[in-house]
Amino acid sequence: MQILFLTVLLLSSTCENEDEDCHKRITIINNSEKSIYVVGDTNYPDTTYFRHSSGPTEDPYNYRISAKSSSDRPLQNRSCWETIFSYGDQISSDTLMIFIFDAEVLETEEWSDVVHDYKVLKRYDLSLDDLMQNDFTITYP
């Protein structure tokens, strides 16, 4: 009986792979001469939500992008972005905010000061349509 249950469970679960209808990553291309940190936030228009985190420097492997390079790690999901946008419980406003921070600033100043003084290099407010039009790629600057 347990083997039957396990078999049914495995057959009924699906593993979504990326294709033209399912994008699990948003690629950030950093064309600047400086390293950056990238943070995504789904609480638009509340731009203060990231205040509650400990800052992206806690995990530079996933959130830091070196100068003249690219990464899809900061905005990678288990689910498709199309699914996340369509259900509304994760992105109720249909807008994903992407914050770009100067790595040198984040690595030398307290996160609370960065947040308080809103030391954001650039903020992108993007809908699913915006992401699709740009092939799930954001170029900074």
Side-chain angles (χ1 to χ4, degrees), residues 2-141:
Q2 290 177 344
I3 293 175
L4 177 62
F5 175 73
L6 183 58
T7 303
V8 169
L9 180 66
L10 289 174
L11 290 175
S12 66
S13 66
T14 60
C15 180
E16 293 180 85
N17 292 321
E18 276 194 293
D19 60 28
E20 66 269 358
D21 297 321
C22 175
H23 297 84
K24 295 181 180 183
R25 297 173 172 94
I26 299 171
T27 300
I28 305 294
I29 299 171
N30 179 10
N31 282 334
S32 76
E33 300 293 330
K34 293 184 163 196
S35 294
I36 59 173
Y37 279 88
V38 178
V39 176
D41 191 349
T42 60
N43 291 300
Y44 181 86
D46 182 2
T47 60
T48 63
Y49 182 77
F50 65 83
R51 292 179 187 208
H52 305 293
S53 74
S54 57
T57 56
E58 296 293 319
D59 188 4
Y61 175 77
N62 284 313
Y63 295 101
R64 190 177 200 274
I65 303 175
S66 298
K68 300 293 184 184
S69 67
S70 65
S71 177
D72 59 11
R73 287 188 311 271
L75 300 169
Q76 180 174 292
N77 283 311
R78 290 182 178 198
S79 298
C80 305
W81 279 104
E82 292 88 343
T83 303
I84 292 169
F85 272 91
S86 67
Y87 285 113
D89 58 335
Q90 293 178 14
I91 301 181
S92 58
S93 64
D94 188 37
T95 302
L96 172 67
M97 295 180 293
I98 299 173
F99 295 91
I100 308 292
F101 298 93
D102 183 320
E104 186 176 336
V105 170
L106 262 60
E107 293 165 355
T108 59
E109 297 186 24
E110 294 294 322
W111 177 244
S112 58
D113 294 335
V114 171
V115 170
H116 181 266
D117 296 335
Y118 197 75
K119 294 184 179 181
V120 175
L121 288 175
K122 181 144 179 101
R123 186 181 99 207
Y124 298 90
D125 296 336
L126 303 168
S127 68
L128 179 58
D129 287 338
D130 295 331
L131 290 168
M132 292 170 73
Q133 288 175 8
N134 291 303
D135 197 28
F136 290 83
T137 300
I138 306 302
T139 302
Y140 173 79

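The first residue of the sequence shown is numbered 1, and numbering continues consecutively from there.
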*Asks:* On a heavy-atom basis, which atom in Leu106 and which in Pro56 lie closest, and how many Å separate them?
*Replies:*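 In this case the closest contact between Leu106 and Pro56 is CD2-CG, 3.3 Å.
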*Asks:* With a cut-off of 6.0 Å (strictly less than), are more than 12 heavy atoms of other residues, nucleotides or ligands near OH of Tyr63?
*Replies:*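 Atom OH in Tyr63 is not crowded, with 12 or fewer foreign heavy atoms closer than 6.0 Å.
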*Asks:* Just verifying a value: how many Å separate Ile138 CD1 and Ile28 CD1, rounded to the nearest 0.5 Å?
*Replies:* 5.5 Å
*Asks:* About how many Å separate OG1 of Thr42 and CD1 of Ile98, when rounded to the nearest 0.5 Å?
*Replies:* 11.5 Å
*Asks:* Using side-chain contact (heavy atoms from CB on, under 4.5 Å) as the criterion, point out the one residue from Asp125, Ile26, Asp130 that pairs with Leu96.
*Replies:* Ile26
*Asks:* Strictly distance-based, threshold 3.5 Å: is any side-chain N or O of Asp135 a donor or acceptor partner for the main-chain N or O of Thr137?
*Replies:*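 Answer holds: no.
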*Asks:* Atom CD in Gln133, atom CG in Leu126: separation rounded to 0.5 Å?
*Replies:* 10.5 Å
*Asks:* Does any non-hydrogen side-chain atom of His23 lie less than 4.5 Å from one of Glu82?
*Replies:*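 The answer is yes; the side chains approach within 4.5 Å.
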*Asks:* Looking at Cys80, is its backbone amide N or carbonyl O close enough to the side chain of Lys24 to form a donor-acceptor pair, meaning the two atoms are under 3.5 Å apart?
*Replies:*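 Looks like no, no N/O pair under 3.5 Å.
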*Asks:* Any chance you could measure Ile36, atom CD1, to Ser69, atom OG, to the nearest 0.5 Å?
*Replies:*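 Result: 8.0 Å between the selected atoms.
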*Asks:* Take atom CD of Glu104 as the centre, draw a 6.0 Å sphere, and report whether it contains more than 12 heavy atoms from other residues, nucleotides or ligands.
*Replies:* no
*Asks:* Partners of Arg64 by side chain to side chain contact (heavy atoms under 4.5 Å, CB included), sequence neighbours excluded?
*Replies:*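 If we apply the side chain to side chain contact (heavy atoms under 4.5 Å, CB included) test to Arg64, skipping adjacent residues, the hits are Ser35, Tyr37, Pro60, Ser66, Ala103, Glu107.
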*Asks:* Report the C-alpha separation of Leu75 and Trp81 in whole Å, then their side-chain angles, then the decisive distance to 0.1 Å, and conclude whether the side chain to side chain contact (heavy atoms under 4.5 Å, CB included) test is met.
*Replies:* CA-CA 10 Å; Leu75 300 169; Trp81 279 104; 4.3 Å; yes
*Asks:* Quick one: do Lys34 and Asp102 make a salt bridge, cutoff under 4.0 Å?
*Replies:* yes
*Asks:* Which heavy-atom pair separates Phe99 from Arg123 by the least distance, and what is that distance?
*Replies:*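 Phe99 and Arg123 have their closest heavy atoms at CE2-CD, 3.3 Å.
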*Asks:* Quick check: closest heavy atoms across Ser54 and Glu58, and the distance to 0.1 Å?
*Replies:* OG-CG, 3.2 Å
*Asks:* State the CD1-OG distance between Ile91 and Ser93, to the nearest 0.5 angstrom.
*Replies:* 7.5 Å
*Asks:* What are the two closest non-hydrogen atoms of Val105 and Val114, and how far apart are they?
*Replies:*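 Scanning both residues completely, I find the closest heavy atoms to be CG1-CG2, 4.1 Å.
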*Asks:* Side chain to side chain contact (heavy atoms under 4.5 Å, CB included) for Ile100 and Tyr124? Distances and angles first, verdict last.
*Replies:* CA-CA 8 Å; Ile100 308 292; Tyr124 298 90; 3.8 Å; yes
*Asks:* Of all heavy-atom pairs between Phe85 and Leu128, which one has the smallest distance, and what is that distance?
*Replies:* CE2-N, 3.5 Å
*Asks:* Do Ile65 and Tyr140 touch side chain to side chain, with heavy atoms closer than 4.5 Å?
*Replies:* no
*Asks:* Give, for atom OG of Ser71 and atom CD1 of Ile29, the distance between the pair rounded to the nearest 0.5 Å.
*Replies:* 11.0 Å
